[in-house]
Each structure stands twice: as structure tokens, then as C-alpha cells.
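These figures come from a predicted structure and were not determined experimentally.
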Amino acid sequence: MKIAIVWLRNNLRIHDNPIFNIIEEIGDFDHVIPICIVNKEKLEKTYTHNRIRFLYQSILDLKTTFKSKYNVNLLSFSGSVIEIFSLLISSLKSDSIEIYCDYCTRPETISENLEIKDLIHDMNDVNFTIVDAVNTILNIEEVISSDYYSNPKSMKDMQHIFEKTFGKYLDFFNVPKPLTPVINIPQINMSVKNLLDEKLFEFLMSDIILKGEIKKFSTTVDYFPGGETEALSRLRQKITENPDYVNNFSKPSTYSTNENQNPLEPSTTGLSPYLSNGCLSPRLLWQECVNANKKGEHTKPPVSLIGQLMFREMFYLLSRSVDNWDSDIGNSNCKYIEWDEYNEEKITLWEEGKTGFPLIDAMMRQLEVTGWMHHLGRHAVSCFLTRGQLWQNWKYGREVFDRKLIDSDWAVNNGNWLWLAGVAPFSMPYYRIYNPCPSAGTSLNVETKEAKFIRHWVPELRNFPSKYIFEPHLAPEQIQNDSGCIIGKDYPFPMVDRKISRKENLAKFKESLNRQK
DNA sequence: GGATCCGTTGTAGCT
DNA sequence: AAGCTACAACGGATC
């Protein structure tokens, strides 16, 4: 009997999943077993409830879809990857096993790949194939080893790479279309119990409690529910049915709230967690954007949605071609800056949203409760933590984001922190510092109109007049009294003098740069 | 080879 | 409301 194991790692979906098309093309498998592996203990130690909740919801949704669409059982395991594969291979009653999984640039997954290769090294009847371009549009390995590749630093560089890969840029690149879904996934009519031995079957029990597990990690605010079903429905609502929205999309003028200033729905697509967990194919999203673009005038990279997808590809390329991508040491994309020593008090105030800067605090509290934050909010809080106000190393902020964000993505998260801290060779002049207390008319002005976003996430300031909402400590005593919020008692004073720290940090950044010359 | 331009999204104050 | 200017001024690419 010939068996294929499809290990779904960062591709928790059925649509446009090339692995199943490869299997269909080969055509002689008797039985295909899709599996997910989580390390529950490690997961719960490393990540916050929202990330875990999103992942579990996505796995459960996929399980349901496999069953209803293909009558196939998705098996989910808890344990280390090597432990699960050892058990699976030794337990399966099969003459030939082909293991497939999706390519990923994250070092952890690369070492997992090596462990598996090592494990099956002496087994003649087991093969392991890593399929590239499952969760990216570009084939990362192919592009970075091509002769035209050098580390991209701008959208222009990315346009060049896309042009070399897909042909000339006219209005949009000729990127591959999403694949047609497979008709059938072969499974022999036998229970898992017959296929695998008793010992392994015990492992599957985690499957059964999965549903209960989700409840444990869900809060009253499930900002984005996990899963492919939700991803496709959001794609349809936000993109496919809204060509005008796509064609007018311009990243710098998007906000944390939608047009009704609903604090729980951004004006952006909200598709990021579905991309990062592989619930949504980037090729499908690209295609839907191009379809809208074909209908008329439209924004272009870097500000367009296509541009956003291209930045994602850029970070994936860099995460593979730049050594120590996630480190401030030995990373050619990270300038050396003499940050202060780790300051627990400062970082805790920042993380918990108690800085005394309402905009920063609102963003950080939204992150804590929902596991998501608008991209420009990420700009504001990361600038605040690093070169703007607190002068802390970007990697501490990166860690907080990684732990909490439901759309956390190793390549993208590190790329954005490098960018925003001003240490990467991207266009980010260090003297462009975000004001944590923006007045109307600046890039973050939106959170400002009526300031509903801030009032929602910093309820202490619910009744504060808009005039003082960004710097409530400047409000006269009478106003603080009337608003039922005394600064220093009900809401903190600002943890730093923003003007002084801005000026000092600007000088320190320049000094660090000069010292390297 | 020095000047100039430009880079995904700055801010404040003025008209 | 939108556009201008000053602020302070990086660094690589291009002219």
C-alpha cells in the first residue's frame, strides 16, 4: 500500500494548496493522510491565548472541511515533530510512505525538516518532499539563488524581482493563478485504528478535546475567528465584492476602525492572520485584487494591496537570504545602535498599555485583548518603544508581538521591527519620529476623529473632551474632575516627556551611526 | 565626482 | 480642506 502523509504546517487550507495537486498528478496513492502537529505544552508556554485560539479554530475548521468535502480525516497530533513522525512511520502498515510539507523560511522549521530527513535517512520506503511556493507567491529558494538576486531594499527592487520572475510589468505582473481544487483525495475505507497502532491512537485523543480547548482560549472578544471558511468569506466580502475598495486602497490612509468607527473592525482587510496561518492563499488574494484592478483606475505599489503583498514577499526573501534575520547581532540588515539595557519597568508599562500616552495604550490594550493591531498602530508603538521615546532594543518589542499577534509571522514581524526601529537599510530616516500624541491632520488622525478608538480601549478616558484626549495630563483640573478621570490617579501621567526624550533619542541615534563610520 | 533625487505612509504651523 | 514650508538632514542610486 502506498501512503502519502500531507503535513499541513503553515498551509491550513484546501483551496490552492499545491501539495494536493501534486498528489493528484502522481495519481497512484492508495491512501492520503493529512496531519497537523502542534506542541501543546510548548505552544501554551510561548504564545498567548489569542494565537492559540486562532490556530485551534483553524485546525478544527480544516478538519470539518476535509470531512465534508472529501470524506477524509485530518489527524491532529500534539508533540514534537520528530516524536510524531517516528511514531507515525513505525506504526503505519505501508510499503511506501511519501511525506509532503510546505516550505517555510523560519529556522525552526528548517531544523525540523533536517530532523525528518535524518530520521528517514536509512529507510528505503520513506521519502520527504518540501513543496515551495505554497505560502508565498515567489519560490523563495529559486529566487535567492538566481543570478539577478540581491537583497531587496525597496519596492523598486521588488518590482525588478517580480519582473525577472514573471515577465514584464504592464499594469500587474503575470503571477501564477491559484490552482484548481482536486476532485478526490484517496482514502481506503478503514478506520484510523486499523491503519495505525494502538499507541499512536492514544495520541489522537488531543483531537477530541480540541473543541473544548478552543473554549478555554477564547475570550469574549474573538476579533477574527480562525479558519479557511472565515478567510474565504472575509475575502469575498472585503475584496471580491468590493472592487472600489481594492482600487482605492492606499495603506497610509487606513485606520484602526472602519467607516463607522467600529473599534472592533479596521478599515484594512483584516486578512493578515489568515495569510500567516495559511488559511488564505496569497495567490488567490493577489488574483482577486488584480480582478478588481482590471475594472478601472487603481492605486499602485507600494500603497496598494498588491504592494502590501509584495512587501510580504520581500520579507520572506530577506528572511532567508540575510543571516540572523531575527537578531540584532550578525544581521547585515541591522545597524548597531547603543540601546539602553533591558528595562523591565519601561517595557512592562509599554506592554500593558500604561504609558500615559492614550494612543499607545489603546493600541497595546487592543493587542492584548484581540491579538491584532492596525499596521500604523504598530508603527506608532514600535517607534515609541525604540528610537522614539523609550530607547529600548527592538527585539524586546518583537518578542511581545510574536507572543501575542494572531497574524504573527517570523519573516514579516522581524522585518517590520527592523524597519520601524530605523536599523534596516530600508527607507526610514531616523529623524522621522511618530508623535505619540498626534493632532488632527497627521497620519494617525483617524483614531482622532471623535477618538472612539481610544475611548473604547482606554475607558478611563471615556468622557474626556477630544481636545485633551491625546495628552490628558494637560487638561485643567476642572475638566479632569468633570470627566471623572484624574490624571495620576485614574490614568497615569506620561511616563516620559515626549519632547525631551524625542530630542535626546534623535541625538543618540545619530551618535551611534557616526561611531560606526 | 559632487549634486540631486528619492525612499510604503512624519509633524507643526501657516495660509 | 489642501497644500506649502520649515524642521533636521540618512544613504544609496542616479545624473
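If you measure from atom CZ of A/Arg498 to atom C1' of B/dT11, you get 10 Å, rounded to the nearest angstrom. As a whole-Å value, the separation of A/Arg432 CZ from B/dA12 P is 15 Å. Rounded to whole Å, atom P of B/dG10 lies 17 Å from atom OH of A/Tyr430. Distance A/His379 NE2 to B/dT11 P: 11 Å, rounded to the nearest Å. Counting to the nearest Å, the C1' atom of C/dC10 and the OH atom of A/Tyr431 are 5 Å from each other. In this structure, A/Ile433 atom CD1 and B/dT11 atom P are separated by 11 Å, rounded to whole Å. The interatomic distance linking A/Asn435 (CG) with B/dG13 (C1') rounds to 14 Å, in whole Å. A straight line from NE2 of A/His375 to P of B/dT9 spans 10 Å, rounded to a whole angstrom.
Closest to the A/Leu513 side chain, of the nucleotides C/dA9, C/dG11, B/dG7, is C/dG11. Minimum atom distance to the side chain of A/Lys153 is reached by C/dG12, of the listed B/dT8, C/dG12, B/dT9. Set against C/dT14, C/dG11, B/dT8, the side chain of A/Lys335 has C/dG11 as its closest nucleotide. When the nucleotides B/dG10, C/dG11, B/dG7 are ranked by their closest atom to the side chain of A/Tyr434, B/dG10 comes out on top.
When A/Phe357, A/Tyr434, A/Trp350, A/Trp394 are each tested for a ring pair (Phe, Tyr, Trp, His ring centres under 6.0 Å) with A/Phe384, only one passes: A/Phe357.
Of the P atoms belonging to C/dC7 and B/dC6, the separation is 22 Å, rounded to the nearest Å. Nucleotides C/dA9 and B/dA3 place their C1' atoms 15 Å apart, quoted to the nearest Å. Nucleotides C/dA6 and B/dT8, compared at atom P, are 26 Å apart to the nearest Å. The gap from the P atom of B/dG7 to that of C/dA8 amounts to 24 Å, rounded to the nearest Å.
Across all strands, A/Phe311 comes closer than 4.0 Å to base atoms (heavy-atom distances).
In this view, A/Glu338 and A/Tyr336, A/Ser512, A/Arg515 satisfy the side chain to side chain contact (heavy atoms under 4.5 Å, CB included) rule, not counting sequence neighbours.
The main-chain N or O of A/Ala292 is found under 3.5 Å from a side-chain atom of A/Asn247 such that the two form a donor-acceptor pair.
Salt-bridge formation is not detected for the pair A/Arg106/A/Asp409: no Lys NZ or Arg NE/NH1/NH2 atom is positioned less than 4.0 Å from an Asp or Glu carboxylate oxygen. Taking a cutoff of 4.0 Å between a charged side-chain nitrogen and a carboxylate oxygen, A/Arg403 and A/Glu368 do not qualify as a salt bridge.
Remark: C/dA9 base-pairs with no nucleotide; criterion is Watson-Crick or G-U wobble with both hydrogen-bond distances under 3.5 Å.
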